[in-house]
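Below, all heavy atoms of this structure are taken into account, side chains as well, without hydrogens, waters or symmetry copies. The first residue of the sequence shown is numbered 1, and numbering continues consecutively from there.
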Amino acid sequence: MRLRSRGCERRGVSQVADRQGESKLIKLLQREIRPPAAEQGHAATCWTDVVKAAEQSDDVSAGKSENSRPSLPDRLSDSLLEDAAVASKQPVTKRHRKLLLKSSFVSSSAPAGEEEEQQQQQQQQQQQLQHKQKLARTQESRRRLLSEVCAKYQPSVTEQLVSQRQVSRVYVEDRTRLLYCEVPKAGCSNWKRVLMVLGGSAVSTRDIPHDAAHYGNHLRRLESYDRAGITERLRSYTKVLFVREPFERLVSAFRDKFESPNSYYHPVFGRPIISRYRANATHAALRTGAGVTFREFVQYLLDVRRPVGMDIHWEPVSQLCKPCLLRYNFIGKFERLEEEANFLLQSVGAPRNLTFPDFKDRNPLAERTSSAITQKYFAQLNSTERQKAYDFYYMDYLMFNYPKPFKDLH
């Protein structure tokens with residue numbers, strides 16, 4: 001019983017140390033990802049110190065767990081020696097030797113199992129900490145790249161005053177001090193659900209239908225505040241942006257708005273597109289606006305004299321969210337949406353039971369737009385049209401480090 005008690009005590013000390021290490025990392029991440037109230041300006045923060053501190057705290061935790069108690073084999077050896085010393089005062093019979101071996105085997109089996117379980121827990125906690133450190137370094141790298149691109153292509157943009165129009169796509173969540181720029185076709189529906197839960201207008205993301213998330217969300221936009229309110233929130237809140245591979249986002253928008261029934265996009269965009277770019281269009285097509293082809297859609301997109309204006313679903317993120325001006329603290333990617341969104345939520349202190357939803361409630365039977373599907377749609381275009389489309393989204397590819405989707409692009 002003495003051996004079993006010591007094993008339990010040692011495991012408790014190690015677990016406390018591990019929890020302390022993880023707690024330090026989370027607090028440091030919260031401090032880095034959410035700018036302090038005293039911070040001035042819009043310069044992006046650096047997570048180098050966060051990563052180093054996390055690694056140090058992890059080393060300290062490991063040291064405590066190793067040095068707090070003698071190892072399990074040492075403790076077992078001491079116990080067996082003590083038992084042997086007592087037994088040496090009496091004649092040792094064959095029966096005594098059997099009983100001694102049997103009792104030592106029974107007493108050591110449970111702590112050995114506990115030791116293995118403890119090691120597995122420590123390995124899992126170590127892996128989790130390392131994963132968080134990796135995500136933190138990824139954020140640092142993305143912010144640094146964005147800063148370099150902005151310095152090269154838009155060097156004077158940070159000197160401009162932010163207007164209400166420039167933050168018209170930014171949603172505010174005051175409880176967790178978040179600013180989220182809406183990028184359609186990059187997980188924005190589920191992000192609005194998360195903001196609604198964080199703000200207290202909904203209990204669960206599962207209970208929020210698609211239309212309620214977009215048209216009845218009661219979320220406040222940054223443009224609705226006065227200039228002082230806008231400036232203060234941009235200075236002290238965590239600014240969040242999630243992006244997607246530009247061609248893939250474009251195909252996703254086309255499939256959603258033109259290949260499925262839509263009472264707005266077919267008459268408002270479909271009819272003028274067909275009228276301008278389709279020869280010998282039928283009266284039915286001109287009347288309904290249904291049946292726009294992907295090539296016709298791209299022709300409209302690249303036309304400097306478009307018959308109908310731009311739309312947020314295919315507007316470049318570099319224009320939609322003004323990343324050089326707003327200097328986002330967190331730049332997530334749709335390709336790792338759930339993982340990175342949950343990392344962000346944990347870092348800003350969101351409730352533990354709130355995780356980023358992964359369901360698709362709009363056209364749920366349709367296959368998600370993937371890289372393979374995107375390639376099929378762009379195969380309908382010639383090389384010149386693909387190059388012009390790449391040029392249209394060039395800054396998005398550059399700012400967010402997406403590779404060229406076709407080898408013949410330059």
Side-chain angles (χ1 to χ4, degrees), residues 32-33 35 41-48 135-160 162-163 165-171 178-188 191 222 234 237-253 301-302 310-337 339-341 343-344 369 371 374 378 386-407 409-410:
E32 169 60 30
I33 203 170
H42 303 288
T45 53
C46 177
W47 283 14
T48 303
L135 291 174
R137 287 191 293 268
T138 297
Q139 284 301 310
E140 181 184 348
S141 175
R142 290 176 185 171
R143 286 195 307 275
R144 183 169 59 249
L145 173 63
L146 178 60
S147 180
E148 292 171 356
V149 172
C150 292
K152 181 177 181 179
Y153 291 92
Q154 301 180 25
S156 62
V157 72
T158 55
E159 301 173 2
Q160 301 175 6
V162 179
S163 67
R165 182 183 60 82
Q166 290 170 323
V167 295
S168 61
R169 307 314 310 176
V170 178
Y171 286 90
L178 279 179
L179 299 179
Y180 164 71
C181 185
E182 174 189 22
V183 178
K185 314 312 299 178
C188 69
W191 259 117
L222 188 56
L234 285 174
Y237 281 25
T238 301
K239 300 183 289 290
V240 179
L241 173 66
F242 271 79
V243 299
R244 186 175 184 177
E245 202 284 332
F247 276 11
E248 188 174 307
R249 176 173 168 247
L250 180 66
V251 171
S252 177
L301 182 72
L302 302 177
M310 181 54 63
D311 184 84
I312 62 172
H313 289 83
W314 45 83
E315 184 175 5
V317 177
S318 56
Q319 299 175 18
L320 186 68
C321 290
K322 304 292 187 294
C324 289
L325 179 64
L326 302 185
R327 301 289 175 150
Y328 291 89
N329 307 101
F330 192 98
I331 304 169
K333 290 195 172 184
F334 180 83
E335 292 74 19
R336 299 169 61 182
L337 176 60
E339 174 190 23
E340 295 187 354
F343 171 61
L344 171 65
T369 301
S371 176
T374 300
F378 272 86
R386 285 197 297 269
Q387 181 64 52
K388 288 182 178 179
Y390 178 73
D391 293 341
F392 185 81
Y393 289 106
Y394 179 69
M395 289 306 298
D396 281 13
Y397 276 100
L398 203 60
M399 286 179 171
F400 307 117
N401 199 29
Y402 283 107
K404 294 179 180 179
F406 291 92
K407 294 181 179 179
L409 297 174
H410 54 81

- Query: Is there a donor-acceptor pair closer than 3.5 Å between any side-chain N or O of Tyr328 and the backbone N or O of Cys321?
  - Reply: yes
- Just by modelled atom types, is the Tyr171 backbone N or O under 3.5 Å from a matching donor or acceptor in the Glu182 side chain? no
- Item | Atom of Pro323, atom of Leu241 and distance for their closest heavy-atom approach | CB-CD2, 4.4 Å
- Task: With rounding to the nearest 0.5 Å, note down the distance linking OG1 in Thr138 to CZ in Phe343.
- Result: 8.5 Å
- Taking only Lys NZ, Arg NE, NH1 and NH2, and the carboxylate oxygens of Asp or Glu, determine whether Glu339 and Arg336 approach each other closer than 4.0 Å. yes
- Compare every heavy atom of Leu250 with every heavy atom of Phe378, then report the nearest pair and how far apart it is. CZ-CD2, 3.9 Å
- Query: Using 30° and 60° as the class limits, which term best fits the ring planes of Phe406 and Phe247: parallel, tilted or perpendicular?
  - Reply: tilted
- Message: Does Lys333 qualify as a cation-pi partner of Tyr402, given the criterion of NZ or CZ under 6.0 Å from the six-membered ring centre and within 45 degrees of its axis?
- Response: yes
- Message: Assess the residue pair Ile312 and Leu320 against the criterion (side chain to side chain contact (heavy atoms under 4.5 Å, CB included)); give the C-alpha distance rounded to whole Å, side-chain angles, the decisive distance to 0.1 Å, and a yes or no.
- Response: CA-CA 7 Å; Ile312 62 172; Leu320 186 68; 3.8 Å; yes
- Query: Is it true that a side-chain atom of Arg142 and a backbone atom of Ile331 form a donor plus acceptor pair closer than 3.5 Å?
  - Reply: yes
- Query: Is the side chain of Gln166 donor-acceptor paired with the backbone N or O of Ser163 at a distance under 3.5 Å, no angle test?
  - Reply: yes
- Query: Between Arg244 and Glu248, is the closest basic N to carboxylate O distance under 4.0 Å?
  - Reply: yes
- Task: State yes or no: are the ring centers of Phe242 and Phe400 separated by less than 6.0 Å?
- Result: no
- Roughly how far apart are Arg327 CZ and Ser147 OG, rounded to 0.5 Å? 4.5 Å
- Message: Testing the basics here: between Pro155 and Tyr153, what is the closest heavy-atom pair and its distance to 0.1 Å?
- Response: CD-C, 3.5 Å
- Message: Checking Phe392 against Leu302 for the side chain to side chain contact (heavy atoms under 4.5 Å, CB included) test, could you report, in this order, the C-alpha distance in whole Å, the side-chain angles of both residues, the deciding distance, and whether it holds?
- Response: CA-CA 7 Å; Phe392 185 81; Leu302 302 177; 4.0 Å; yes
- Item | Residues Arg249, Glu245: salt bridge by 4.0 Å N-O rule | no
- Query: Is there a donor-acceptor contact under 3.5 Å linking the side chains of Asp396 and Ser318?
  - Reply: yes
- Supply the atom-to-atom distance Leu222 CG to Leu234 CG, rounded to the nearest 0.5 angstrom. 5.0 Å
- Task: To the nearest 0.5 angstrom, please state how far the CD atom of Glu340 sits from the CG atom of Leu135.
- Result: 6.5 Å
